[in-house]
Engineer: 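Take this structure first; my questions come after.
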Amino acid sequence: MKYCIECGSKLEKKECINFGISEGFVPFCPSCQEFRFPMFNAAVSMVIFNKECTKTLFIQQYGNKKNILVAGYVNKGENLEQAIVREIKEEVNLDVLNFKFNASSYFEKSNTLISNFIVIVKSENFALTTEVDSACWFSVDEALNVVYPNSLAQKFLDKALYELKHKELI
């Protein structure tokens, strides 16, 4: 961020001290006399398991043949929990039974902080919407071989499967 989002003035770096603790050098607007902390998008992604935790669901979308996770941006006024339920309903029309936080990662390409969750759904009977080209359930063992390699989906899946193996799932 180079310019103030309120007045358009050029920002300068200034040390930000809160309660005697330095937060480092943060963009500061000399006109507004306010710090302007970096802004970024927020999104959720989900490693979706069936009730028995024996299968996981991948989708393909936008003409890509890559097996990825259901994901989407968090809407203004929405919390992460609401975004999880909405995105799963919007993309594959499944009802969420339970979920827990899995991991997070910053995705520089879209300036997005992605919060990933392990989700258990009530049924395996998905219905595709126009947002998704295809979806398929895979056994937990198959999932490792079909997930888009070297992706955030793979990173999040690996962590979720570790949780599953160590009986730390939901």
Side-chain angles (χ1 to χ4, degrees), residues 1 23-24 26-27 36-170:
M1 182 175 355
E23 292 190 33
V26 175
R36 300 295 180 210
F37 290 89
M39 294 191 306
F40 52 88
N41 301 310
V44 292
S45 79
M46 290 71 67
V47 178
I48 300 174
F49 288 101
N50 63 349
K51 273 198 281 192
E52 298 78 20
C53 295
T54 57
K55 296 179 186 176
T56 189
L57 184 71
F58 290 117
I59 63 168
Q60 295 178 353
Q61 60 187 159
Y62 311 122
N64 290 321
K65 297 297 180 192
K66 301 170 184 170
N67 288 317
I68 60 172
L69 304 173
V70 170
Y73 288 100
V74 178
N75 291 331
K76 183 177 180 177
E78 185 176 53
N79 62 39
L80 297 175
E81 295 87 343
Q82 291 165 327
I84 291 165
V85 172
R86 179 186 50 76
E87 282 295 336
I88 291 173
K89 192 62 134 170
E90 279 181 8
E91 294 191 6
V92 289
N93 198 32
L94 289 171
D95 294 318
V96 172
L97 190 61
N98 208 347
F99 60 87
K100 84 171 204 175
F101 178 78
N102 186 37
S104 65
S105 185
Y106 176 73
F107 189 61
E108 188 170 0
K109 185 177 176 181
S110 62
N111 188 34
T112 304
L113 176 63
I114 302 173
S115 297
N116 179 263
F117 294 84
I118 297 168
V119 178
I120 309 295
V121 292
K122 293 180 182 178
S123 164
E124 292 180 31
N125 299 323
F126 61 82
L128 297 182
T129 66
T130 56
E131 290 186 34
V132 177
D133 298 336
S134 67
C136 189
W137 287 101
F138 293 92
S139 74
V140 170
D141 293 333
E142 290 175 308
L144 291 170
N145 297 320
V146 299
V147 67
Y148 180 51
N150 304 312
S151 65
L152 281 178
Q154 182 181 27
K155 173 186 168 185
F156 292 146
L157 175 66
D158 288 346
K159 176 120 181 354
L161 293 179
Y162 176 87
E163 298 282 323
L164 179 64
K165 181 179 176 183
H166 291 88
K167 307 287 189 244
E168 296 172 16
L169 217 57
I170 301 171

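These values consider heavy atoms only, across backbone and side chains, with no hydrogens, waters or symmetry-generated copies. None of the values given here were measured: they were computed from a predicted structure. We're numbering straight along the sequence, starting at 1.
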Engineer: Tell me, with the steps shown, if Asn145 and Phe138 meet side chain to side chain contact (heavy atoms under 4.5 Å, CB included).
Structural biologist: CA-CA 10 Å; Asn145 297 320; Phe138 293 92; over 6 Å; no

Engineer: Which heavy atom of Ser104 sits nearest to which heavy atom of Ser115, and what is that distance?
Structural biologist: CB-CA, 4.2 Å

Engineer: My understanding is that only residues two or more places apart in sequence, or in another chain, count here; which of them pass side-chain contact (heavy atoms from CB on, under 4.5 Å) with Asn79?
Structural biologist: Glu81, Gln82

Engineer: Could you tell me whether a side-chain N or O of Asn116 sits under 3.5 Å from a main-chain N or O of Ala103, the two making a donor and an acceptor?
Structural biologist: no

Engineer: If you count every heavy atom of other residues, nucleotides or ligands that lies below 6.0 Å from Tyr148 atom OH, does the total exceed 12?
Structural biologist: no

Engineer: Does Lys159 have any salt bridge (Lys or Arg N to Asp or Glu O under 4.0 Å) partners at least two apart in sequence or in another chain, and if so, which?
Structural biologist: Glu163

Engineer: If you round to the nearest 0.5 Å, how far is CZ of Phe49 from CG of Leu164?
Structural biologist: 5.0 Å

Engineer: Run the ring-ring contact (aromatic ring centres under 6.0 Å, His included) test against Phe101 and tell me which residues pass, sequence neighbours left out.
Structural biologist: Phe117

Engineer: Test your reading of the model: is there a side-chain donor-acceptor pair from Asn67 to the backbone of Val146, 3.5 Å cut-off?
Structural biologist: yes

Engineer: Quick test of your reading: applying salt bridge (Lys or Arg N to Asp or Glu O under 4.0 Å), list the pairs with at least one residue in residues 54-80, sequence neighbours left out, ordered by first then second residue.
Structural biologist: Lys55-Glu124, Glu78-Arg86

Engineer: For Glu52, enumerate each residue passing the side-chain hydrogen bond (donor to acceptor under 3.5 Å, both in side chains) test, keeping only those at least two apart in sequence or located in another chain.
Structural biologist: Asn50

Engineer: Are Leu94 and Leu57 side-chain neighbours, meaning at least one heavy-atom pair lies under 4.5 Å?
Structural biologist: yes

Engineer: Is the ring pair Tyr106/Phe40 parallel, tilted or perpendicular, if the boundaries are 30 and 60 degrees?
Structural biologist: perpendicular

Engineer: Which heavy-atom pair separates Ser110 from Asn41 by the least distance, and what is that distance?
Structural biologist: O-ND2, 2.9 Å

Engineer: Who pairs with Asp95 by salt bridge (Lys or Arg N to Asp or Glu O under 4.0 Å), at least two apart in sequence or on another chain?
Structural biologist: Lys89

Engineer: Provide the closest heavy-atom pair for Asn111 versus Met39 in the form atom of the first, atom of the second, distance.
Structural biologist: ND2-O, 3.1 Å

Engineer: Please find the pair of heavy atoms, one from Ile88 and one from Met46, that lie closest to each other, and give the distance.
Structural biologist: CG1-CE, 3.8 Å

Engineer: Mind checking the OG1-CG spacing from Thr56 to Leu69? Nearest 0.5 Å is all I need.
Structural biologist: 7.0 Å

Engineer: Please name the pair of heavy atoms, one in Ser134 and one in Leu128, separated by the smallest distance, quoted to 0.1 Å.
Structural biologist: CA-CD1, 3.6 Å

Engineer: Looking at every non-hydrogen atom in both residues, tell me the closest pair between Ile59 and Gln61 and how far apart they are.
Structural biologist: CD1-OE1, 3.7 Å

Engineer: Thr112 side chain to Ala42 main-chain N or O, any donor-acceptor pair under 3.5 Å?
Structural biologist: no

Engineer: Are side-chain heavy atoms of Val132 and Phe126 found at a separation under 4.5 Å?
Structural biologist: no

